[in-house]
Amino acid sequence: MLLFLKSISFRSLNHQDFKKNNSSCKELTTSSSSSSSSSSCIFLTVWRKSLIFSCKGFTVIGSDGNLAYRVDNYSGRRDQTILMDASGKPILTICRHKQKLRIVDNNWFIYEGEILGDHDYKASSLRKKPIFCVKKQMKILHSNINVLAHVYYHGTSSDKTYSYIIEGSYANRTCKVLDAKSRNVVAEIRKKQAVIGGVTFGLEVFVLVVMPGFDSGFAMAMVLLLDQMFS
């Protein structure tokens with residue numbers, strides 16, 4: 001399975017295709033500050049499948065063909081997901097906190113590292129403060145149907161000042177994460193196409209483009225959140 005992903009990663013990101021994609025990336029970030037444009041874009045091939053049998057998750061391959069990130073959900077619970085690096089070290093934990101008194105709760109939280117070190121999940125999450133809160137957009141309450149979610153820094157949405165906004169359609173694998181102030185694209189989900197013939201790989205394999213200066217792990221966390229919200 002891993003060899004298959006390496007193969008499609010190389011086929012779709014050869015030298016000429018990378019130049020084309022990198023040019024597109026530069027066009028998207030022409031208004032970015034100089035501090036965020038000192039390096040090249042990162043192209044990740046995302047496979048919506050765990051490499052471990054009987055687990056649900058994700059396998060993420062870099063443009064060099066090596067494993068970059070992985071998600072292996074042993075419990076099958078969709079309200080908590082751990083993003084790991086290639087060696088299996090937890091990077092971020094994404095979870096949904098449901099409150100009993102709320103009919104609809106659309107808040108997800110991102111924690112640094114792993115918060116599920118003990119058997120008491122609620123107590124574990126309370127001991128550690130989230131670094132981001134992501135609020136799913138309720139279509140019935142807002143006119144802009146292109147907006148999927150808002151990302152708030154410091155794990156709270158009470159001040160109504162969000163740091164990032166996610167737009168597009170995850171179902172069609174066409175999404176953009178934008179900086180709230182500058183409206184610059186910091187990450188983008190694209191459909192993956194073969195170099196020859198333009199054949200698509202379907203919805204299970206797609207591309208995550210991370211713009212210069214933006215953390216690729218956090219961008220992948222956005223993918224996991226969208227998958228929980230819209231799959």
Would you verify whether the NZ or CZ of K129 falls within 45 degrees of the ring axis of F109 while also being under 6.0 Å from that six-membered ring's centre? no
Electrostatic pair R183-E167, nearest N-O below 4.0 angstrom: yes
So, are E204 and R48 salt-bridged, with charged N and O less than 4.0 Å apart? yes
If we only count heavy atoms from C-beta on, is the [X] to [Y] side-chain gap below 4.5 Å?
X    : Y    : value
L224 : F58  : yes
Y170 : D227 : yes
L226 : C175 : yes
I165 : V151 : no
N106 : Q137 : no
N107 : R96  : no
I82  : V71  : no
L178 : Y164 : no

Is a side-chain donor or acceptor of S169 paired with a backbone partner of T174 at a separation under 3.5 angstrom? no
Within the distance-only criterion (no hydrogens, no angle test), does the side chain of T59 pair as donor or acceptor with the backbone N or O of K49 below 3.5 angstrom? yes
For residues [X] and [Y], report the shortest heavy-atom separation together with the two atoms involved.
X    : Y    : result
F206 : K192 : CA-CB, 3.9 Å
V60  : L44  : CG1-CB, 3.7 Å
N73  : Q80  : ND2-O, 4.0 Å

Quiz: residues 207-216 side-chain donor-acceptor pairs under 3.5 angstrom, not counting sequence neighbours:
{"unit_1": "D215", "atom_1": "OD2", "unit_2": "G217", "atom_2": "N", "d": "3.1"}
{"unit_1": "D215", "atom_1": "OD2", "unit_2": "F218", "atom_2": "N", "d": "2.8"}
{"unit_1": "S216", "atom_1": "OG", "unit_2": "Y69", "atom_2": "OH", "d": "2.6"}

Quick check for you: to the nearest 0.5 Å, what is the distance between [X] atom [atom1] and [Y] atom [atom2]?
X    : Y    : atom1 : atom2 : result
S50  : D72  : OG    : CG    : 3.5 Å
M220 : I189 : CE    : CD1   : 8.5 Å
I94  : L225 : CD1   : CG    : 5.5 Å
I110 : F132 : CD1   : CZ    : 7.0 Å

Partners of S163 by side chain to side chain contact (heavy atoms under 4.5 Å, CB included), sequence neighbours excluded? Y153
Pair R70, L83 - check side chain to side chain contact (heavy atoms under 4.5 Å, CB included), show working. CA-CA 6 Å; R70 52 185 284 194; L83 176 66; over 6 Å; no
Transitively linked via ILVMFWY side-chain contacts under 4.5 Å: L203 with M229? no
Verify side chain to side chain contact (heavy atoms under 4.5 Å, CB included) between L92 and I131, making sure each step is shown before the conclusion. CA-CA 10 Å; L92 297 170; I131 55 177; 3.9 Å; yes
Working for side chain to side chain contact (heavy atoms under 4.5 Å, CB included), residues M84 and K89: CA-CA 5 Å; M84 301 177 288; K89 179 183 177 181; 6.0 Å; no
E112 atom CD, neighbour heavy-atom count above 12 within 6.0 Å: no
Kindly determine whether C95 and T81 satisfy side chain to side chain contact (heavy atoms under 4.5 Å, CB included), including the steps that lead there. CA-CA 6 Å; C95 58; T81 304; over 6 Å; no
